[in-house]
Amino acid sequence: MTSADVAREAGVSRATVSYVLNGVPHQKIPEATRQRVWDAAARLGYAPSAAARALRTGRSEIVLGLLPDWPIEHVLGRLIQQLTNAFAENGLTFVVHSSAHPARPLRDIWKAMTPAAVLALQAFDAGEAEAMRAAGIEVVMAMHGSTQGEPRPPLVPEQPIGALQARHLAAPHRRLGYAYPDLPGLDVLARPRLDGVRKVCADLGMPEPDVRTVPLDAVGAAEAVQGWLDADPPVTGICAFNDNIALAVLAGLGHLGLRAPDDLAVIGVDDIPGASLAQPPLTTVVRDTDTIARGLARRVVDALGGKETPAEPLRDDLLLRFRESA
């Protein structure tokens, strides 16, 4: 079906069909005519060409999502789906590109797509951001870090997660440990979460948290667990970077013939499906990723509409899911 078919069906000109279906402003077309065009297009199953709209406006209706070289696991996958839904509600298509090797260079991707906006999980080179804007990409935004060439608060803060973990463990435990991931690319998330733990410990007059890198295997995790137990004073509560690292700590305890929470209390982040199945079931911090996705989409849509976007981070209500591990 073409716009000519719609024009014949609605009894109007092709120009009128183009004006109506592409939302061209400042056209004095009666509402009844507009409705007739929409009804005809619906009956014929016709939709305006996205390529044609891109040629006319100079950009597509695509929001390009840039993923760092991170594992795409339960929570990240859920966030991507919720972002897809939130942008779709605003007439935009969310397309994800991962930088995992051997992906094509980022510049090749955005030049080929000419997206309306770019939303990155992690900040990228300021020169790259400037090149995007020079090419007509109206919004370039990062969840963590700045794309402006100067420091700025992250859109989605991570410190409150570590702070909530530490406050939960602080009352019964005199010294805390932090289970750090062994994937360097996750530093942008792990460091601020650790900062949240450190701040709570400092505020409560507790010792600096004992930080150890925990691999995703029982033997390596057991070495970290033994180090915490041998510390002076010994660590009795662990704030883990996420649930996967927390599960590794539980496996390390089991390898040593020990068990949480009697020998070491453990708390994770994300409430992945396996958290409730762990032995013992894992206490964890739950994020409201749907609120995060809708907040990010709203800021992109407002920026595309010329509205001023707030500088403060998005509100991210956190929930502590109590289980037996802590």
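In this text, all values refer to a predicted model and were calculated from it rather than measured experimentally. Positions are given from 1 along the sequence.
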Legend entry - Connected via hydrophobic side-chain network under 4.5 Å: Leu256 and Leu253: yes
Legend entry - His173 side-chain N/O to Ala166 backbone N/O, donor-acceptor pair under 3.5 Å: no
Inset, instruction - Go through the steps for Val235 and Leu264 under the test side-chain contact (heavy atoms from CB on, under 4.5 Å), then give the verdict. - result: CA-CA 8 Å; Val235 171; Leu264 198 62; 4.3 Å; yes
Legend entry - Asp288 CG to Asp317 CG distance, which is reported to the nearest 0.5 Å: 6.5 Å
Legend entry - Gap separating the CG atom of Leu119 from the CG atom of Leu92, nearest 0.5 angstrom: 11.5 Å
Inset, instruction - Taking only Lys NZ, Arg NE, NH1 and NH2, and the carboxylate oxygens of Asp or Glu, determine whether Asp290 and Arg294 approach each other closer than 4.0 Å. - result: yes
Legend entry - Interatomic spacing from CG in Leu169 to SG in Cys239 - rounded to 0.5 Å: 5.0 Å
Legend entry - Distance-only donor-acceptor check, side chains Thr284 and Asp271, under 3.5 Å: no
Inset, instruction - For side-chain contact (heavy atoms from CB on, under 4.5 Å), just list the numbers for Asp243 and Glu73, CA-CA rounded to whole Å, side-chain angles, deciding distance to a tenth of an Å, and then say yes or no. - result: CA-CA 11 Å; Asp243 285 351; Glu73 297 175 337; over 6 Å; no
Legend entry - Side-chain (His74) to main-chain (Ile272) donor-acceptor, under 3.5 angstrom: no
Inset, instruction - Measure the shortest side-chain to side-chain distance between Phe87 and Val300 over non-hydrogen atoms and say whether it is less than 4.5 angstrom. - result: yes
Inset, instruction - Answer yes if the side chains of Gln226 and Asp230 hold a donor-acceptor pair under 3.5 Å, and no otherwise. - result: yes
Legend entry - Lys/Arg N to Asp/Glu carboxylate O, Asp262 vs Arg259, below 4.0 Å: no
Legend entry - Main-chain N/O of Ile80 paired with Thr84 side-chain donor or acceptor, under 3.5 Å: yes
Inset, instruction - Using atom types as modelled and distance alone, determine if a side-chain donor or acceptor of Asp263 lies under 3.5 Å from a backbone N or O of Ala260. - result: no
Legend entry - Under 3.5 Å: donor-acceptor pair, side chain of Arg299, backbone of Pro310: yes
Legend entry - Atom of Asp210, atom of Trp228 and distance for their closest heavy-atom approach: O-NE1, 3.0 Å
Inset, instruction - Locate the shortest heavy-atom distance separating Ala170 from Leu204; write the atom from each residue and the value. - result: CB-CD1, 3.5 Å
Inset, instruction - Ignoring hydrogens and angles, state whether a donor on the side chain of Thr283 or Arg323 is under 3.5 Å from an acceptor on the partner side chain. - result: no
Legend entry - Ile238-Val214 co-clustered via ILVMFWY side chain contacts under 4.5 Å: yes
Inset, instruction - Could you go through the side chain to side chain donor-acceptor pair (under 3.5 Å) check for Asn85 and Gln81 one step at a time? - result: CA-CA 6 Å; Asn85 296 341; Gln81 183 60 62; 3.0 Å; yes
Inset, instruction - Determine yes or no for a side-chain-to-main-chain donor-acceptor pair under 3.5 angstrom, with Gln165 supplying the side chain and Ile267 the backbone. - result: yes
Inset, instruction - Write down the atom of Ser98, the atom of Pro68, and the distance for their closest heavy-atom approach. - result: OG-O, 4.2 Å
Inset, instruction - Give a yes or no on this: more than 12 heavy atoms of other residues, nucleotides or ligands lie within 6.0 Å of atom CZ of Arg43. - result: yes
Inset, instruction - Calculate, to the nearest 0.5 Å, the distance between atoms CG and CD belonging to Asp217 and Glu223 respectively. - result: 8.5 Å
Legend entry - Side-chain donor/acceptor of Arg175 to backbone N/O of Pro233, under 3.5 Å: yes
Inset, instruction - To the nearest 0.5 Å, tell me how far Ile109 CD1 sits from Leu66 CG. - result: 9.0 Å
Show the atom names and distances, to 0.1 Å, of all donor-acceptor pairs under 3.5 Å that link a side chain in residues 157-164 to residues at least two apart or in another chain.
{"unit_1": "Glu158", "atom_1": "OE1", "unit_2": "Arg193", "atom_2": "NE", "d": "2.8"}
{"unit_1": "Glu158", "atom_1": "OE1", "unit_2": "Arg193", "atom_2": "NH2", "d": "2.9"}
{"unit_1": "Glu158", "atom_1": "OE1", "unit_2": "Arg287", "atom_2": "NH1", "d": "3.1"}
{"unit_1": "Glu158", "atom_1": "OE2", "unit_2": "Arg287", "atom_2": "NH1", "d": "2.9"}

Legend entry - Minimum heavy-atom distance between Leu176 and Cys201, given as atom pair plus value: CD1-SG, 4.0 Å
Inset, instruction - Check whether Leu216 and Val266 end up in the same hydrophobic cluster, where Ile, Leu, Val, Met, Phe, Trp and Tyr are linked by side-chain heavy atoms less than 4.5 Å apart. - result: yes
Legend entry - Spacing of Ser99 atom OG and Trp70 atom CH2 [to the nearest 0.5 Å]: 9.5 Å
Inset, instruction - Determine the minimum heavy-atom distance between Asp182 and Pro215, stating which atoms define it. - result: OD2-CA, 3.3 Å
Inset, instruction - Using the rule that two of Ile, Leu, Val, Met, Phe, Trp, Tyr join whenever any of their side-chain heavy atoms come within less than 4.5 Å, decide whether Val188 and Val285 are in one cluster. - result: no
Legend entry - Note: Lys199-Asp203 ion pair, threshold 4.0 Å (strictly below): yes
Inset, instruction - Start with the C-alpha distance between Val95 and His97, add both sets of side-chain angles, then the distance that settles side-chain contact (heavy atoms from CB on, under 4.5 Å), and finish with yes or no. - result: CA-CA 7 Å; Val95 177; His97 172 69; over 6 Å; no
Inset, instruction - Search all heavy atoms of Ile245 against all heavy atoms of Pro181 and return the closest pair with its distance. - result: CD1-CA, 3.9 Å
Legend entry - Co-membership, hydrophobic cluster, residues Val286 and Leu314, 4.5 Å side-chain: no
